[in-house]
Amino acid sequence: MKPTIRRIAVNTGGGDAPGLNAVIRAVVLSGLRRGWQVVGIRKGYLGLLDEAEDGLIALDESTVRGITHLGGTILGTSNRGNPFELPDDEGRPVDRGPQVAESFHRHGLDALVAIGGDGSLTIANRFYREFGLPVIGVPKTIDNDLEATEATFGFDTAVATATDAIDKLHPTAQSHERVMVVELMGRYAGWIALHAGVAGTADVVLIPEIPFDLESVCDKIRRREANGQHFSIVVVAEGAVPEGGEHVFQTYGHGQKRLGGMAEKVAEEIRRRTGKETRHLVLGHLQRGGQPTARDRLLSLRFGAAAVRLAEAGEFGKMVALSAGGIRAVSLDEATRRVRTVPLDSDLLQTARDLGTCLGD
Ligand code: F6P
């Protein structure tokens, strides 16, 4: 049965990704066309807990004008904003889920379009399952690691940025006859590293799905050396692991751990084993910035409009997903079940092997 909708909300949670603003614009314009009011919740769910009452912003045509091409999110976001485990002043987790649900109803909201990656969509699903909130999910993440959708928006832009960076490393590596090791994001999935590594014609690509053997990496560099190619480009996914080894993490304030640092370790070992001058860099958050590519903008606009159609049809507890070129609805349960990693029989991995790229095995 179609629900009666007068007022919907949209929020953005977790790490930002290029295309968030395009989704927001599509949700707002599609909602307004149906005669609904649309409000944005600031910083994920935190805006619903904002006692100053400015955690919600009314969104109209003027607020979403000229934002399709902008990176970031006009609503703000947080990846430390899980309302079920919100840190108090001493950093202890407090469950504020019930307050969020109460605030949602108090503000007269009839649906929520939650734009997020696996963390934010898991939170959205809890609100749907445990509190009955009418939630629709939109898959966002540069990592492209969400189950049940062939692509998330933000990924294409991140790959373009990373490929551009690899292109820029080539001339300096060649001129100095160095090995350049670049670390790319992606958490426990190698999508960004594999796509950018192949597009940027890296000599070695190390992804989490294939534990690497440093001797195989060094052999590749030695073979290139013997062929008169005195430089090499090595792409390392932040979640890559050596055979029998472990992930590398960096610790930030409040003891938060984030993947990072594998490129430095790989570079040091390559230098030690081959004697080649070696440099490393971490591309980091540059991969999340910048203008979304046309492909990401289109995916974002399609996802946002489709999410509003789902809300209109009362199909809550679902996420919009890309499937065989079209958009379909999948349950949030299915969408958040597990991380989508690169299949070992994927065509792109096979292509990399056929081209002679070393995958570290
Ligand atoms: O999930 C997106 C992502 O950019 C990952 O690729 C990366 O590991 C992580 O977020 C970095 O998070 P933060 O913004 O907290 O440094």
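Quick caveat, the model's predicted, so the values are computed rather than measured. Both counts, for ligands and for their atoms, begin at 1 and track the order of listing.
- Across R271, R272, K265, a single residue satisfies salt bridge (charged side-chain N to carboxylate O under 4.0 Å, His left out) together with E268, and that is R271.
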In a table with atom names and distances, give each donor-acceptor pair under 3.5 Å that connects a side chain of residues 166-173 to protein atoms at least two apart or in another chain.
residue: K168; atom: NZ; partner: D164; partner atom: OD2; Å: 2.9
residue: H170; atom: ND1; partner: I166; partner atom: O; Å: 3.3

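- D296 and T157 share a side-chain donor-acceptor pair at under 3.5 Å.
- Classification of D50 and R42 as a salt-bridged pair fails, no side-chain N sitting under 4.0 Å from a carboxylate O.
- Residues in residues 278-307 take part in no ring pair (Phe, Tyr, Trp, His ring centres under 6.0 Å) pair, two or more places apart or across chains.
- Among protein residues, N79, I142, D143, M185, G186, R187, E238, R258, H285, R288 come within 4.0 Å of ligand 1, judged on heavy atoms.
- F127 pairs by the ring pair (Phe, Tyr, Trp, His ring centres under 6.0 Å) definition with Y45, F84, F131, not counting sequence neighbours.
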